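Have a look at the structure below, then the notes.
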Amino acid sequence: MKDVEELRQQELELERRLAEVRHELSTRHTPDPVKRSAERRPLRELVLDALNDAGVPLNSLLIASVFRPLFGREVPATRFGTLSVDEQRSFDSSRPRPVYLCHCLTHDRGQAMKRFWARSDWPLEDRVIGPMSGRVLFLRGAIWVIRLASSAGEGADERLLYVAADQARDAGCAVKRGDFPYGEWITHIQAQIERYSDDDRAVRHEAAAELVARLGERELLFGAPGELTSIPGTSTRWNAKSS
Amino acid sequence: MSLKGATALVRLAQNPRCEVLGAMVLQEGPETRFFERVVGTPYDREYGERQSSKRRGTQFERNAYAGDARLLREALAPVVGLEPDQIRVRNLLDDYPGTKDDARVARLRITRGLLKDSLAGRVAPHLVIQPQLLVPTNPGPRAYFFIAPDVLVWSQQHGLYVPADLKSFVVRENEVSRADLARVRLQLGAQSLALVHEYDRLDRGKTSVPATGFLIFSHPNGLRPHAPRTEDLRGAREAVRIGIESFLRHRERIDRLRAGAEPYTVAAELVPHFEERCLANCVMSAWCRSTVAGRARDLGDVPGQLLGNLELARVTGFLLGTAEPANDAERGIAVELRRIAAEHGVRVA
Amino acid sequence: MSALQDTLTRVLARHLGRALPIRSTSALAADPVDAIGIATVKIVTEEQIQAIAYGPLDAEPTVIARLDPIGRDVADLVPFAEFLKGAVQRALAREGEMRIWVPHSETVAALDVLGHRYWRNQTARPEIVRMGEICRILAHEALFAGQQVIADSAQLLRDHAITGQSRTEDGHLDALLAWFDAQVADPLEEARMRSRFPASGVLINTPDRRDDDRVDRLRKEAKSQSGARQRATHDEIRRILSAGARREWNLMVSARRAFWGLELPTTGLEDLVALSKRRLSAALTQGHFPARRADKVAIELDELDSAQHTTESCMLEVDDAARDCARRAGASIAGRVVARNQPRPGRRPCTIEVETAQTVVRTRRDDKVRIVGTNVSGVVRDIAIAASGGTRVRVEILNGVRSTGVLVPGARVEIVEQTGGYVRLRELSQAAARGVWMFFGDAAPVLQATPRRGGSPLTVARGSRRP
């Protein structure tokens with residue numbers, strides 16, 4: 001049996017939630033036309049466009065953080081998982097598409113790096129990840145976001161500016177609250193890219209040539225299968241559920 | 001939260017004699033569910049991590065891994081023996097994100113490939129983020145434990161990978177409370193032992209894995225990592241190894257008793273090993289404690305060691321005249337107890 | 001107290017259903033005129049204070065419930081900063097006399113972390129920076145044995161009494177208090193029931209009362225709200241936090257009442273009070289300078305050690321229960337003077353022989369000792385088994401040779417070690433100038449082998465003793 005105090009607290013909580021739902025409903029009647037339009041477009045298309053704009057493979061975490069302010073769209077991590085499965089199914093079906101979303105491949109074993117997304121109409125060497133490519137792709141992705149924020153201008157969703165600032169901070173740039181020196185950040189990051197880009201390109205180029213000779217078309221988009229991994233106790237004799 | 005992975009090994013290392021703990025590790029599902037099924041009532045005390053703690057932990061890791069692990073590269077550069085910019089990083093969550101078993105298996109496969117590359121002298125990353133290791137305990141149910149250090153660091157000194165764990169609880173001047181340190185050392189010990197198994201798979205014991213690991217705590221201000229603490233894991237590794245050996249013995253007994261039924265069904269036939277520490281970290285402590293109710297061990301570990309399995313009623317009987325000491329030890333206890341009682345103005349028989 | 005004494009006292013306390021005092025005097029001097037209390041509630045692992053109750057002990061506390069403790073804006077802490085500043089000013093006017101009651105050591109730790117965050121923060125307001133410094137000073141003072149500033153109510157109860165439960169359970173203040181409450185019929189069951197909710201400066205988070213997770217969720221929701229909705233959410237957060245802080249405050253008040261309820265005399269603490277006042281007023285006026293260099297750390301360790309020795313010495317001097325324990329452990333010798341050798345009355349040289357029935361004594365030859373309750377001190381020159389089967393100790397008196405009432409055959413005396421309160425300040429202060437290798441070198445110096453003197457090291461040592 002609840003006491004009066006508990007019931008009063010429950011009443012307060014319910015009133016608060018009701019006010020919240022009413023507010024949510026009221027905001028839906030005046031949607032942002034750009035965001036509204038983006039909401040209707042499939043995620044697949046938005047990702048392809050973003051990759052086209054960036055010109056480099058992008059990490060799904062970065063894509064999600066940018067889509068939030070750009071399109072008002074929350075993309076949970078699991079959604080990228082289903083996107084990958086759907087894209088592979090689409091490839092396997094009888095109706096080809098002009099371009100597919102695909103994953104980057106490791107330079108040595110040609111296996112998929114599932115968080116790194118690319119376009120199938122890019123040269124293979126641009127979709128291969130060498131030992132230092134993770135660094136280069138992060139830095140290039142950071143420049144892309146900073147440019148997006150810079151070109152968004154007045155009235156930009158300030159969350160985009162903070163995503164850009166976060167990328168700049170992660171890249172080791174000096175970041176002061178409320179200050180967005182986009183040009184300085186880009187210069188600083190470019191200097192870092194130059195340190196790695198030549199060697200990275202050479203490794204990727206060589207790896208791409210080797211992978212093309214070894215892997216089939218599907219594997220070149222979605223990665224070679226992994227080797228068998230031996231896990232103890234997976235024989236039918238012992239099973240935690242069945243024994 | 002069920003008892004699995006390094007958490008299970010740490011608990012087994014802390015209390016290797018407890019068969020009830022062994023059953024909880026074998027049983028699928030969370031500890032609180034085990035409690036409910038054995039005791040018959042829901043667990044009503046606080047259990048598991050608070051949301052604020054989980055968030056801090058996640059944020060600390062995210063910060064550490066951001067920018068191709070820039071903060072980690074800076075913190076671990078002295079260990080790797082390179083400038084931060086020269087350190088190669090591989091984040092296995094980029095390869096295969098997720099926490100389900102398929103993701104763990106995939107990251108295990110990749111980790112094994114990287115260990116093999118490093119042993120063969122091929123180009124390998126200096127930092128491997130979210131690797132996956134495995135400690136086998138087959139044949140039998142719960143045939144392995146997945147162990148996931150936060151980072152494997154290439155140690156220039158040892159020419160091998162060593163485990164590093166990120167801990168988001170705040171430390172001042174890099175000093176940690178002893179209780180916290182003991183627990184996280186055991187966790188690191190489990191990771192080091194798992195690394196021994198993995199290297200052993202590759203080269204049949206040729207590689208001697210050092211009993212060393214790193215703990216990386218966070219500053220009070222914000223979530224920047226502290227300089228890594230080097231931990232000597234010889235004791236921790238041995239404690240985990242003993243814990244696993246005990247688990248294998250408990251498993252054998254539990255399997256015989258349960259004859260195919262679920263492990264919790266035979267909890268009443270198992271021998272718990274109640275210790276004071278259980279009160280702070282085990283859901284079954286109150287239930288196991290009932291086996292020592294009214295005995296010296298109910299007062300704590302030290303009383304249990306000093307008075308053995310003596311019933312408290314018997315001890316106070318020495319005072320009240322309702323019990324006679326049966327040997328020299330009990331006579332000594334009776335004399336001392338009477339003296340203490342007299343000091344406190346308690347009348348004795 | 002030995003482990004056996006501790007165990008059997010617990011058995012007795014369990015049997016009697018109440019806590020039993022283990023000291024005959026208080027380690028804490030009486031509360032000064034305006035003793036204050038502080039109780040905090042923190043966000044676990046963030047170590048950020050999210051609520052704080054403070055004020056004089058004879059009134060309802062002021063409570064600050066922080067809506068955004070992790071944010072940069074700390075204007076909400078200004079009233080606490082002002083309060084602390086006022087308390088410190090009053091303390092300085094009384095040459096450093098200050099008393100702050102806290103529920104347990106987690107409160108001190110929380111204040112220390114708060115101090116760490118703000119005492120050198122260049123963007124924080126001056127009053128917040130000063131608050132940070134004061135918190136660091138208070139936390140530092142709490143490290144010294146015998147300090148009289150921070151009254152950790154849980155630790156005081158544990159140091160002065162034993163309950164009928166395990167030490168681990170004693171760590172929970174509310175469970176501990178069950179043993180000090182005469183109204184509680186079954187303290188064992190009551191304590192176990194009380195331990196369901198935490199008493200360590202955090203919000204409750206049991207399955208039926210997830211206050212902590214709720215506040216966490218409400219904070220997140222409030223960020224995307226505005227107007228009346230946001231105000232309602234903030235009110236709810238404040239309500240939960242205030243209730244948490246008051247709970248901690250009430251535990252402290254109950255613990256303080258239980259402690260003074262033991263009615264232990266507060267005598268013989270003048271030296272400890274003076275030391276505490278001196279340390280505190282120096283730090284509050286000159287600032288807090290944590291030791292980082294090896295030589296400075298050595299000085300600090302000496303100071304902590306000295307405080308420990310002084311406190312033990314003081315305790316042995318005034319506390320019968322402590323002396324009784326020390327006697328049984330052989331750390332104190334209670335006996336009679338059986339002989340005195342003093343060629344010139346009232347002058348050195350003077351040697352006494354004390355015989356005791358104790359067969360276990362920990363004193364060794366050349367130990368510096370003193371006689372409890374007097375100004376007499378000396379050095380142990382010989383220890384032997386007495387004809388009676390007890391122990392006979394010969395002491396060369398160096399100070400107090402005129403104490404005729406004590407240094408007379410038949411007088412009952414109690415001898416304890418004269419522990420030094422000496423800090424090697426002069427020597428360690430010169431370490432930097434002299435570049436002492438232990439602190440400032442990377443490698444030990446190479447020692448040249450010296451020619452061996454005649455005989456074994458034991459022979460040499462024996463030969464260097466005074467007869």
Side-chain angles (χ1 to χ4, degrees), chain B residues 32 42-57 60 167-173 177 218-223 275-280 286 289 296-307 310 312-313 315-316 319-320 332-333 336-341 343-344 346, chain C residues 2-16 20-22 43-48 50 70 109 112-114 116-118 121 164-172 188 192 195-198 202-210 212-217 219-220 290 292 321 324:
Chain B
T32 47
Y43 188 68
D44 67 351
R45 293 182 173 236
E46 182 174 349
Y47 176 78
E49 218 178 351
R50 297 182 174 209
Q51 290 303 320
S52 53
S53 308
K54 273 188 204 154
R55 207 193 31 253
R56 183 180 168 89
F60 183 46
K167 292 295 166 204
S168 64
F169 49 85
V170 163
V171 302
R172 287 159 282 153
E173 323 288 349
S177 84
S218 73
H219 278 276
N221 295 325
L223 289 161
E275 295 177 329
E276 258 183 85
R277 182 187 12 219
C278 300
L279 293 169
R289 189 180 200 171
R297 272 171 64 197
D298 195 42
L299 281 175
D301 296 343
V302 170
Q305 285 158 15
L306 287 173
L307 304 183
L310 269 180
L312 294 177
V315 179
T316 47
L319 203 59
L320 301 170
I333 289 167
E336 185 63 12
L337 185 60
R338 283 166 172 266
R339 188 193 61 74
I340 291 171
E343 256 179 24
H344 289 283
V346 174
Chain C
S2 71
L4 184 63
Q5 286 165 341
D6 182 285
T7 295
L8 294 179
T9 310
R10 280 184 199 277
V11 170
L12 187 61
R14 171 81 67 102
H15 170 67
L16 296 172
L20 295 172
I22 52 172
I43 301 180
V44 174
T45 70
E46 293 282 357
E47 303 296 329
Q48 282 277 17
Q50 56 177 339
I70 299 174
D112 195 23
V113 174
L114 183 70
H116 260 84
R117 287 207 157 96
Y118 295 111
N121 191 317
Q165 61 187 5
S166 67
R167 276 184 183 274
T168 299
E169 288 165 304
D170 280 349
H172 189 288
L188 192 64
R192 288 175 187 182
S195 66
R196 200 166 79 85
F197 289 165
V202 298
L203 289 178
I204 295 167
N205 211 47
T206 51
D208 59 325
R209 223 181 117 172
R210 292 210 179 278
D212 194 282
D213 285 351
R214 186 165 163 66
V215 165
D216 194 68
R217 188 169 54 81
R219 280 192 175 118
K220 202 170 158 194
R292 296 208 197 287
D324 191 49

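Chain letters run A, B, ... following the sequence lines, proteins first and then strands; every chain starts at 1. Just so we're clear, the structure is a prediction, and the values are computed from it rather than from any experiment.
- With a threshold of 4.5 angstrom between heavy atoms, Ile204(C) approaches chain B through N, CA, C or O but not through any side-chain atom.
- In this structure, His15(C) and Leu320(B) have side chains that are in contact, with non-hydrogen atoms separated by less than 4.5 Å.
- The greatest number of non-hydrogen atom pairs below 4.5 Å with chain B, out of Leu20(C), Asp6(C), Ile70(C), is found for Leu20(C).
- Counting only distance, with no hydrogens or angles, the side chain of Asn205(C) and the backbone of Glu46(B) share no donor-acceptor pair below 3.5 Å.
- Interface check for chain C: of the options Leu337(B), Val346(B), Leu319(B), the most heavy-atom pairs under 4.5 Å are formed by Leu337(B).
- In this structure, the side chains of Arg289(B) and Arg192(C) come closer than 4.5 Å at one or more pairs of heavy atoms.
- Side-chain contact check for Thr7(C) versus Leu307(B): some heavy-atom pair is nearer than 4.5 Å.
- Within the 4.5 angstrom heavy-atom criterion, no atom of Asp301(B) approaches chain C.
- For chain C, the nearby parts of Ile333(B) are the backbone and the side chain; heavy atoms of each come within less than 4.5 Å.
- Atom OG in Ser52(B) sits 7.0 Å away from atom CG in Asp213(C) (nearest 0.5 Å).
- Using a cut-off of 4.0 Å between Lys/Arg side-chain N and Asp/Glu carboxylate O, Asp324(C) and Arg339(B) are scored as salt-bridged.
- With salt bridges taken as basic N to acidic carboxylate O contacts below 4.0 Å, none links Arg55(B) and Asp212(C).
- Contacts between Leu279(B) and chain C at a heavy-atom distance below 4.5 Å involve the side chain alone, from C-beta outward.
- When the side chain to side chain donor-acceptor pair (under 3.5 Å) test is applied to Arg297(B), no partner is found at least two apart in sequence or on another chain.
- Under the 4.5 Å side-chain criterion, counting only non-hydrogen atoms from C-beta, His344(B) is in contact with Thr9(C).
- Between Val11(C) and Leu299(B), the closest side-chain pair of non-hydrogen atoms falls below 4.5 Å.
- Considering only residues two or more places apart in sequence or on other chains, Phe197(C) meets the ring pair (Phe, Tyr, Trp, His ring centres under 6.0 Å) condition with none of them.
- For chain C, no part of Gln305(B) is nearby; none of its heavy atoms comes within less than 4.5 Å.
- Using a 4.5 Å cut-off between heavy atoms, Tyr43(B) contacts chain C through its backbone alone, with no side-chain atom that close.
- Note that OG1 of Thr168(C) and CD of Glu275(B) are 10.5 Å apart. Values are rounded to the nearest 0.5 Å.
- Arg167(C) places a side-chain heavy atom less than 4.5 Å from the side chain of Glu276(B).
- Comparing Ala3(C), Ser195(C), Pro21(C), Ser166(C) by heavy-atom pairs within less than 4.5 Å of chain B, the highest count is held by Ser166(C).
- Put simply, the side chain of Leu8(C) does not reach to within 4.5 Å of the side chain of Leu306(B), judged on heavy atoms.
- Both the backbone and the side chain of Leu4(C) come within contact range of chain B, each with at least one heavy atom under 4.5 Å from a heavy atom of that chain.
- For Arg14(C), the part sitting under 4.5 Å from any heavy atom of chain B is the side chain, from C-beta outward, and nothing else.
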